[in-house]
Protein chains: 2
Amino acid sequence: MARNKRDIDRQSKQDEIVAVARRLFLEEGYEAASMARVAREAGVAANTLYWYFTDKDALLIAVLNGLVLEALAAHAGVQAMPLKEQLLWLIARFEQAHRLVLTVHARLEASESVRTWHDQFHGMLEGMVIGQLTARGMAAEEATITATAGMFIVEGLLSHPHTARQREQVIAWLAGRSDDAKLITLQGN
Amino acid sequence: MARNKRDIDRQSKQDEIVAVARRLFLEEGYEAASMARVAREAGVAANTLYWYFTDKDALLIAVLNGLVLEALAAHAGVQAMPLKEQLLWLIARFEQAHRLVLTVHARLEASESVRTWHDQFHGMLEGMVIGQLTARGMAAEEATITATAGMFIVEGLLSHPHTARQREQVIAWLAGRSDDAKLITLQGN
DNA sequence: ACCTGAACACCGTTCAAGT
DNA sequence: ACCTGAACACCGTTCAAGT
């Protein structure tokens, strides 16, 4: 909670750096966008970045949090749609950030902070999917497995170039699978 | 086709370097294992590596080719098993190489040679899965989609830490999906 | 043909010094 | 508190020189 002017200044400066980093990370990739480059485009010396962020991974996480927060806000507008449409929306939205999906996975082993962020993100997203599936009548255990498989498929689509047709088909396949599970659940009752 | 002694010498020296690189890449990761380190443990100067390999990505590809070739040979012994068992075998086999799965994806954009290798590998593996699914009676188009989704799920399992129980369940879920498809195909006839 | 020492252009990060 | 110039320890890679 930023109170006084100093905190607000610090926050806005930090935001400015994150904005530059976000643009460069998305345009050229995490590895190709050096700290020196980010600093130059933000109008500060390279080592000044370390006054605001402990290291490059912390800067990455700040960028990711921004992207996720905006996506969550935008998701409110589509959360009433069928799950299949929501997944297609999600993939389309994160397509421009597909490089960062690969980056996060690549830095999992080297950076504990990235690993922590990744685990929390996965947990949150899976929780949302499980919630929707159970609300639609799927059994809890089946919903958990379906959510895990669904995450993997979404990640796969984001990580691999593919045609619009392929995307449609794979997501329809996934949705069909969860429909079957619901049917089986209902038959069981 | 190595004919004379010189070619054989070159080949064996190359193999020696690849063996060292493989051990280091698997143990410490591609990024952490520097060219200097590989060279030192192989008993040559760092720049000597560039006499045998054009760059670090070429060395990575040589390591990957070795792993894949050995896996293909070993696969002969399990190819009669149900697809579900084959997938579990595949995941168990590449578990120790899970870091390299992330590495390949991370280097897709930066390195054209890695991208080419990755695309060929995906094509080969998907082809094998599609072949098995159609041989078991699944329709061609459905088999293609199932194979794509299956690859994504296997990659997801290799990329994310998980329990043996989770692995069993997700693979069973996937196998169940392909059984349903076969059933539908048969009903259609 | 094969191998090397020395150098190059980077990289993320640290530190002492300034205001 | 905030920012910097200079340096540090690396990195992959290149090149001229040796045998």
Side-chain angles (χ1 to χ4, degrees), chain A residues 2-18 20-21 24-25 27-63 100 103-104 106-114, chain B residues 2-18 20-21 24-25 27-63 100 103-104 106-114:
Chain A
R3 295 211 180 288
N4 52 48
K5 183 163 187 307
R6 186 163 59 232
D7 285 347
I8 291 171
D9 279 359
R10 180 178 175 86
Q11 185 64 48
S12 69
K13 189 83 183 190
Q14 217 160 339
D15 292 346
E16 207 181 309
I17 293 170
V18 171
V20 172
L24 289 178
F25 287 175
E27 278 175 10
E28 334 208 338
Y30 179 74
E31 222 176 315
S34 70
M35 292 294 266
R37 183 84 186 283
V38 172
R40 193 174 353 118
E41 305 221 5
V44 294
N47 48 6
T48 300
L49 299 182
Y50 293 88
W51 179 257
Y52 293 97
F53 301 92
T54 59
D55 55 21
K56 200 183 180 186
D57 287 312
L59 189 49
L60 171 64
I61 290 172
V63 168
L100 291 187
T103 299
V104 167
R107 296 219 43 80
L108 279 182
E109 306 240 20
S111 162
E112 193 184 329
S113 56
V114 171
Chain B
R3 296 210 181 286
N4 52 48
K5 184 161 186 310
R6 187 164 60 231
D7 285 349
I8 291 171
D9 278 0
R10 180 178 174 84
Q11 184 64 49
S12 69
K13 189 83 183 188
Q14 216 161 340
D15 292 346
E16 208 181 308
I17 294 169
V18 171
V20 172
L24 289 177
F25 287 176
E27 278 175 9
E28 333 208 337
Y30 179 74
E31 221 176 316
S34 69
M35 292 296 263
R37 183 84 187 284
V38 172
R40 193 173 354 117
E41 305 222 2
V44 294
N47 48 5
T48 300
L49 298 182
Y50 292 87
W51 178 258
Y52 294 96
F53 301 93
T54 58
D55 55 21
K56 199 183 179 184
D57 287 312
L59 190 48
L60 171 64
I61 289 172
V63 168
L100 291 187
T103 299
V104 167
R107 298 223 35 85
L108 279 181
E109 306 239 21
S111 161
E112 193 185 330
S113 56
V114 171

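Below, read A as the first sequence line, B as the second, and so on, with proteins coming before strands; counting in each chain starts at 1. No experiment lies behind these values; they were computed from the predicted model shown.
Residue Leu24(A) comes nearest to Arg37(A) through the heavy atom pair CD1-CG, 3.8 Å, listed as atom of the first residue, atom of the second, then distance. Scanning all heavy atoms of the two residues, the minimum distance from Ala46(B) to Ala36(B) falls at CB-CA, 4.2 Å. Contact record, Lys56(B) with Glu31(B): NZ-O, 3.9 Å, taken as the closest heavy-atom pair.
Enclosure of atom CD in Glu41(B) by more than 12 non-hydrogen atoms of other residues, nucleotides or ligands within 6.0 angstrom is indicated.
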Nucleotide-level pairing of DNA chain D, given in dot-bracket where Watson-Crick and G-U pairs need both distances under 3.5 Å and | marks other strands: ||.|||||...|||||.||
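Atom-to-atom, CG of Asp57(B) to C1' of dC11(D) comes out at 14 Å; the value is rounded to the nearest Å. With rounding to whole Å, Leu49(B) atom CG is found 12 Å from dT4(C) atom C1'. The separation between Glu31(A) atom CD and dC11(C) atom P is 11 Å, rounded to whole Å. The distance from atom OH of Tyr50(B) to atom P of dG12(D) is 6 Å, rounded to the nearest whole Å. Here dT14(D) presents its P atom at 16 Å from CZ of Phe53(B), a figure rounded to the nearest Å. Between Lys56(B) atom NZ and dG12(D) atom P the separation is 4 Å, expressed in whole Å. Taking atom OH of Tyr30(A) as the reference point, atom P of dC11(C) lies 13 Å away to the nearest angstrom. One can place NZ of Lys13(B) at 17 Å from P of dA1(C), the figure rounded to the nearest angstrom.
You'll find that the side chain of Ser34(B) is closest to dG12(D), out of dG12(C), dG12(D), dT4(D). Closest contact between the side chain of Met35(B) and the listed nucleotides dT13(D), dG12(C), dC2(C) involves dT13(D). Listed candidates were dC2(D), dT13(C), dC3(C). Nearest to the side chain of Thr48(B) is dC3(C).
Under 4.0 angstrom from either OP1 or OP2 of dC2(D) there lies at least one side-chain N or O belonging to Trp51(A). For dA1(D), the OP1/OP2 oxygens have no side-chain nitrogen or oxygen of Arg10(A) closer than 4.0 Å.
Note: Thr54(B) OG1 to Leu49(B) CG = 11.5 Å, rounded to the nearest 0.5 Å.
Side-chain contact between Tyr30(B) and Asp57(B) is present, with heavy atoms from C-beta onward closer than 4.5 Å. No side-chain heavy atom of Ile61(B) sits less than 4.5 Å from a side-chain heavy atom of Phe53(B).
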